[in-house]
Amino acid sequence: MSRPQEPHRPFFHFANPFRKNSHKGSQFNPKLRSLLNDFETALSKKLQKLVPNDKGDILSLSWMKLAMESLSDIHCDIKNLITELDLPVTEWDEKWMDVYLDISVKLLDISIAFTSELTRLNQGHLLLQYGLHKLESDSPELFSRASSSLNSWKQHIGSKNPRVETCRPILDNLVESLNLPKVKNSSKGKVLMRAMYGAKVATTYISSVFAAALSGSSKNLLDLTVPNTLPWAQVFSDVQNTVNVEIRNIFSCGKFTVVRELDAVDACVKELSTLLQDGVGTSERESFKNSVSDLRKTEEKLSQGLDNLLKVIDSFFKVVLMGRDALLCNLRKAGGAVPDSVIGKNV
């Protein structure tokens, strides 16, 4: 993973696709206004949760798990909104389908990349377990094997994952998709597109945070600017500013990794490697045992955190896949044609 501080990326500015629709949804009837307000209020609350009381929690695996859970909930809310709108698939504009289906396949791709990297990191668990087993045997004859295992873990964690390198183009495509097609003569369509805009902004931003953390490169971290007329815009801006400042501070420290639990294990490994290299004499025995105990605790926390995060990403993948498949299925039942842009992209 790369360590140097990356320069700040320029802000992405978008035209306001809701300029004529920004007066508290006044152009909508009461039911549609209520549906949109409920969605955007829920979106604000989910975003607000991403600012922890302790900034030190940002980029911890538990915080990343919360962020991915929030995304799953947002996409479930979109699915529920589509149901509540009672907008028959035959009335969907082809451009809306393009937006929904094209973005969904990108989210599936990026989820696969994240899963690949987290699985690779989790595979290092075996190397740590082997090293700990030798260290806890309290047999100096086995310490050289333990040291070798810890070095192998370091090399494994520090290696590059080609799948993660594909995240940048996906993020660029997601940013481009934030310019929504215009909606004419359909109040339900306007509600749907405005809600999807909010979901896409949250998804694109959080995906960039994951890409930055898992690639070890702050160049993947995005700065997005959204129309300030949207009711969740200020919350999003506050979240993005807080999280981005903290993440860039972490990168500026030049650490081996920016994921908190992974960094804690690395610190323990470094300490033990130094002790093993210098030799564990009688005076170092107590310090050595404490270091082994610390590594055991941090390794278990890392392994559990990776497992939990993998499960949440898998759930997000399934939410996106089910929403995509449901639309395609309904479209085919209604006798409609699948947009050309998604032919050959079905998962």
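Sequence positions, counted from 1, serve as the residue numbers for this chain.
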Over all heavy atoms of both residues, which pair between [X] and [Y] is shortest? Give the atoms and the distance, please.
{"X": "Ala202", "Y": "Leu47", "result": "CB-CD2, 4.1 Å"}
{"X": "Lys188", "Y": "Asp86", "result": "NZ-O, 3.4 Å"}
{"X": "Gly56", "Y": "Arg260", "result": "O-NE, 2.9 Å"}

Side-chain heavy atoms nearer than 4.5 Å, only ILVMFWY residues, links allowed to pass through others: does that put Leu135 and Tyr130 together?
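No: no chain of side-chain contacts under 4.5 Å links Leu135 to Tyr130.
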Passes side-chain contact (heavy atoms from CB on, under 4.5 Å), Leu59 versus Val243? Steps please.
CA-CA 9 Å; Leu59 285 195; Val243 172; over 6 Å; no
Under 4.0 Å between a Lys/Arg side-chain N and an Asp/Glu carboxylate O for [X] and [Y]?
{"X": "Glu40", "Y": "Arg194", "result": "yes"}
{"X": "Arg296", "Y": "Glu136", "result": "yes"}
{"X": "Asp263", "Y": "Lys255", "result": "yes"}

Side-chain donor-acceptor pair present, [X], [Y], cut-off under 3.5 Å:
{"X": "Thr203", "Y": "His75", "result": "yes"}
{"X": "Asn220", "Y": "Ser215", "result": "yes"}
{"X": "Ser104", "Y": "Arg324", "result": "yes"}
{"X": "Gln304", "Y": "Asn308", "result": "yes"}
{"X": "Thr115", "Y": "Asp314", "result": "no"}

Partner set under side chain to side chain donor-acceptor pair (under 3.5 Å) for Ser111, not counting sequence neighbours
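With neighbours one apart ignored, the set is empty.
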Taking side chain to side chain donor-acceptor pair (under 3.5 Å) as the definition, give me every residue that meets it alongside Lys301, ordered by chain and number, with sequence neighbours left out.
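Side chain to side chain donor-acceptor pair (under 3.5 Å) check on Lys301 returns nothing, list empty.
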Trace of the side-chain contact (heavy atoms from CB on, under 4.5 Å) decision for Tyr100 with Ile82:
CA-CA 12 Å; Tyr100 187 88; Ile82 291 174; 4.3 Å; yes
With sequence neighbours excluded, residues passing side-chain contact (heavy atoms from CB on, under 4.5 Å) with Leu142:
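Per chain and number, Leu142 pairs via side-chain contact (heavy atoms from CB on, under 4.5 Å) with Lys134, Ser137, Ser139, Arg145.
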